[in-house]
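Below: one structure, written as structure tokens.
Index from 1, following the sequence.
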Amino acid sequence: MVNSKTRIAFHTFGCKLNFAETSAITNNLDKNKFEVVDIKSNADIFIIHTCSVTSVASKKCLTLVRSLAKRFPDSLIGVIGCDVQGNTDKYLNLKNVNWVIGNENKNQLSNILNAHSVNSEKHVDVSPIKQVNSFFSSYSIGQRTRSFLKVQDGCNYFCSYCYIPYIRGKSRSDTIKNIVSQANEIVGSGVKEIVLTGVNIGDFGKPNNENFYDLLVQLSQVDGLERLRISSIEPELLSFEIIDLAATAKNIMPHFHIPLQSGSDTILKDMRRKYKRSVFEEKVKYINKVIPDAYIAADVIVGFPTETDKLFNETYDFIKSLNISDLHIFTYSDRPNTVASGFDIKVDGNTKNMRHDRLNELCLRKKSEFYKKHKGLKAKVLWEKDNKDNIMHGFTENYIRVKSEYNEELVNTITDVVLLDIEDECFTVKILS
């Protein structure tokens with residue numbers, strides 16, 4: 001290598017969980033040997049943390065690896081994580097790929113890089129999924145104003161469309177004691193907001209006779225933690241007790257992300273989900289009642305193999321009837337080993353696209369209505385550090401995005417603002433303090 005230190009760049013695809021793990025891996029590197037640089041730099045080593053939740057995500061990972069090999073022919077590439085776990089063979093013979101590591105041992109990447117000579121044979125470490133059962137404690141730090149804190153991994157649900165149990169393994173969790181300790185470390189570094197993340201966080205704690213509610217109680221009492229957000233949580237696991245806690249705890253933000261996937265009970269049954277749509281509706285209406293200004297986002301899948309026009313319209317009308325703020329819309333794609341991938345019937349691509357567009361139009365209306373209700377109101381904003389065209393952004397407690405002229409002194413501070421006008425799904429504001 002030319003430099004005294006090996007220049008290493010990371011790129012992460014996928015979920016908040018991946019970002020938390022990448023940050024932990026980066027922070028474990030020997031700082032005397034490695035210098036972390038931007039992915040656009042001419043690095044000596046590129047590490048790609050892959051995602052495989054959809055076929056599109058998988059293709060993006062492969063495309064980037066091929067692109068890096070072409071643009072930087074003298075560099076080496078390591079691929080880690082979910083798509084490697086599920087599609088190992090696709091990566092083994094790619095040009096410049098020197099490290100192929102699945103989910104069980106990706107947390108050992110620093111040790112692997114130290115021990116493995118770049119001139120030796122390719123290093124391949126992909127355990128069978130039944131052996132992927134360790135818990136890799138991690139949280140993101142340094143890259144963002146907020147920190148993603150991993151509390152749970154894996155899933156035991158085996159929904160008929162979902163690939164995650166086949167690449168992340170069985171459900172497992174950290175302990176409340178360890179998580180609270182990590183939260184204190186995060187707060188001690190100056191971070192004001194923590195986002196709890198996992199594959200199925202509502203399933204937290206079962207092996208340790210603990211539960212997600214008790215975790216939230218303990219974290220809500222961490223001194224100096226000003227904001228705590230709950231990432232995606234299944235509707236049947238989002239208890240009324242958790243909602244009540246969010247309504248009363250000062251630092252748990254009024255922000256919920258609840259997977260719906262379909263508004264048709266017929267489709268939910270075909271998906272092997274563990275609830276009917278009435279459960280989702282019940283939780284949304286309870287949140288509306290006890291936390292009227294809460295931001296509620298829902299995940300929805302369009303184009304599931306058995307989704308007819310009639311059943312799609314059930315989903316559309318159901319979502320339209322609810323007081324929710326946002327949708328994350330996913331177009332169904334077959335994933336390996338899943339039950340749904342073996343269904344004889346399929347929804348054609350054009351129909352999927354039309355359904356996606358219809359729901360997206362509804363989503364934009366829902367979000368616009370939610371924002372308009374807050375115009376002229378006061379809010380508290382935590383400002384991000386990103387500076388684009390001399391504009392900075394931040395989020396209110398209930399996850400309304402705002403913008404203002406860049407001011408470095410505002411970064412990682414919480415200020416009172418008045419929400420003025422909506423521009424491109426974002427509020428301009430008047431800063432009060």
Side-chain angles (χ1 to χ4, degrees), residues 15-17 19-21 23-24 27 107 133-142 144-156 168 170-259 283 286-287 290-291 294-296 380 382 395 397-399 412 414:
C15 60
K16 295 179 180 70
L17 187 55
F19 280 93
E21 292 171 341
S23 184
N27 291 326
N107 62 312
N133 52 31
S134 61
F135 188 85
F136 169 24
S137 296
S138 54
Y139 58 80
S140 63
I141 203 80
R144 299 167 183 257
T145 302
R146 67 181 64 88
S147 174
F148 300 133
L149 173 56
K150 175 182 174 181
V151 301
Q152 185 273 342
D153 200 351
C155 188
N156 298 336
R168 279 277 180 178
K170 64 182 182 181
S171 180
R172 56 216 187 264
S173 309
D174 207 341
T175 64
I176 291 178
K177 180 180 178 180
N178 285 344
I179 294 168
V180 170
S181 176
Q182 290 167 352
N184 278 295
E185 291 174 6
I186 293 168
V187 172
S189 73
V191 172
K192 290 183 169 58
E193 178 173 307
I194 290 176
V195 182
L196 302 181
T197 186
V199 174
N200 186 358
I201 62 173
D203 200 43
F204 169 85
K206 290 182 180 178
N208 305 315
N209 293 317
E210 297 178 334
N211 61 66
F212 190 59
Y213 173 79
D214 289 340
L215 172 65
L216 289 175
V217 170
Q218 292 297 313
L219 288 174
S220 70
Q221 298 170 8
V222 170
D223 189 34
L225 176 54
E226 299 197 38
R227 291 187 168 192
L228 179 64
R229 292 192 192 272
I230 304 169
S231 64
S232 179
I233 181 169
E234 297 290 324
E236 79 280 11
L237 298 178
L238 176 59
S239 66
F240 296 112
E241 191 178 35
I242 290 173
I243 297 169
D244 286 338
L245 179 63
T248 55
K250 292 182 179 180
N251 60 356
I252 298 180
M253 296 296 96
H255 175 193
F256 296 88
H257 185 158
I258 316 170
K283 299 301 169 62
Y286 190 71
I287 294 169
V290 300
I291 318 176
Y295 181 97
I296 305 174
K380 291 184 180 294
L382 174 59
F395 287 92
E397 292 174 310
N398 59 346
Y399 210 60
N412 199 35
I414 296 175

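Considering CG of Asp153 and CG of Asn133, their distance stands at 10.5 Å, rounded to 0.5 Å. Atom-to-atom distance recorded for Leu216:CG and Ile176:CD1 is 9.0 Å, nearest 0.5 angstrom. The CD1 atom of Ile287 lies 4.5 Å from the CD1 atom of Ile296; values are rounded to the nearest 0.5 Å. Distance CD1/Ile230 to NE2/His255: 9.5 Å, rounded to 0.5 Å. If you take CG on Asn184 and CG on Leu219, they are separated by 9.0 Å, rounding to the nearest 0.5 Å.
Side-chain N or O atoms of Ser231 include one that pairs as donor or acceptor with a backbone N or O of Leu196 at under 3.5 Å. Side-chain N or O atoms of Ser220 include one that pairs as donor or acceptor with a backbone N or O of Val217 at under 3.5 Å. Not a single donor-acceptor pair under 3.5 Å links the side chain of Arg229 to the backbone N or O of Phe148. One N or O on the side chain of Arg172 and one on the backbone of Ser134 form a donor-acceptor pair closer than 3.5 Å. Remark: the backbone N or O of Leu382 is not paired with any side-chain donor or acceptor of Lys192 at under 3.5 angstrom. One N or O on the side chain of Asn251 and one on the backbone of Leu225 form a donor-acceptor pair closer than 3.5 Å. Without hydrogens or angle criteria, Lys283 side chain to Pro235 main chain gives a donor-acceptor distance under 3.5 Å. Of the possible polar contacts, one joining the Ser147 side chain to the Ser140 backbone as a donor-acceptor pair under 3.5 Å is found. A donor-acceptor pair under 3.5 Å is absent between the side-chain atoms of Ser173 and the main chain of Phe204, judged by distance alone. One N or O on the side chain of Asn156 and one on the backbone of Ser171 form a donor-acceptor pair closer than 3.5 Å.
Taking 4.5 Å as the limit, some side-chain heavy atom of Glu234 sits within range of a side-chain heavy atom of Pro259. Using a 4.5 Å cut-off on side-chain heavy atoms (C-beta onward), Thr197 and Leu149 make no contact. Using a 4.5 Å cut-off on side-chain heavy atoms (C-beta onward), Ile186 and Val222 make no contact. Side-chain contact check for Gln218 versus Glu210: every heavy-atom pair is 4.5 Å or farther apart. In this structure, Arg146 and Phe395 have side chains that are in contact, with non-hydrogen atoms separated by less than 4.5 Å. No side-chain heavy atom of Leu215 sits less than 4.5 Å from a side-chain heavy atom of Gln152. The shortest distance between side-chain heavy atoms of Tyr295 and Met253 does not fall below 4.5 Å. Arg168 is listed as a side-chain neighbour of Leu17, based on a closest heavy-atom distance under 4.5 Å.
Listed here is the closest heavy atom pair of Asn178 and Asp174: ND2-OD1, 3.0 Å. The minimum heavy-atom distance between Cys155 and Val199, with the atom names listed, is CB-CG1, 3.8 Å. Counting all heavy atoms, side chain and backbone alike, Ser232 lies closest to Ile201 at O-CG1, 3.4 Å. Closest of all the heavy-atom pairs between Pro254 and Ile291 is CB-CG2, 3.6 Å. Shortest non-hydrogen contact noted between Val195 and Lys16 is CG1-CD, 4.0 Å.
For Thr145 and Glu193, the side-chain atoms include no donor-acceptor pair closer than 3.5 Å. In summary, the side chains of Thr175 and Asn208 do not present any donor paired with an acceptor at a separation below 3.5 Å, with no hydrogens or angles considered.
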Name every donor-acceptor pair, under 3.5 Å, that has one atom in a side chain of residues 240-250 and the other anywhere in the protein, sequence neighbours excluded.
residue: Asp244; atom: OD1; partner: Tyr286; partner atom: OH; Å: 2.7
residue: Asp244; atom: OD2; partner: Tyr286; partner atom: OH; Å: 3.3
residue: Thr248; atom: OG1; partner: Asp244; partner atom: O; Å: 3.1
residue: Thr248; atom: OG1; partner: Leu245; partner atom: O; Å: 3.2

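Residues satisfying the ring-ring contact (aromatic ring centres under 6.0 Å, His included) criterion with Phe136, sequence neighbours excluded, are absent altogether. Qualifying ring-ring contact (aromatic ring centres under 6.0 Å, His included) partners for Tyr139, counting only residues two or more places apart in sequence or in other chains: none.
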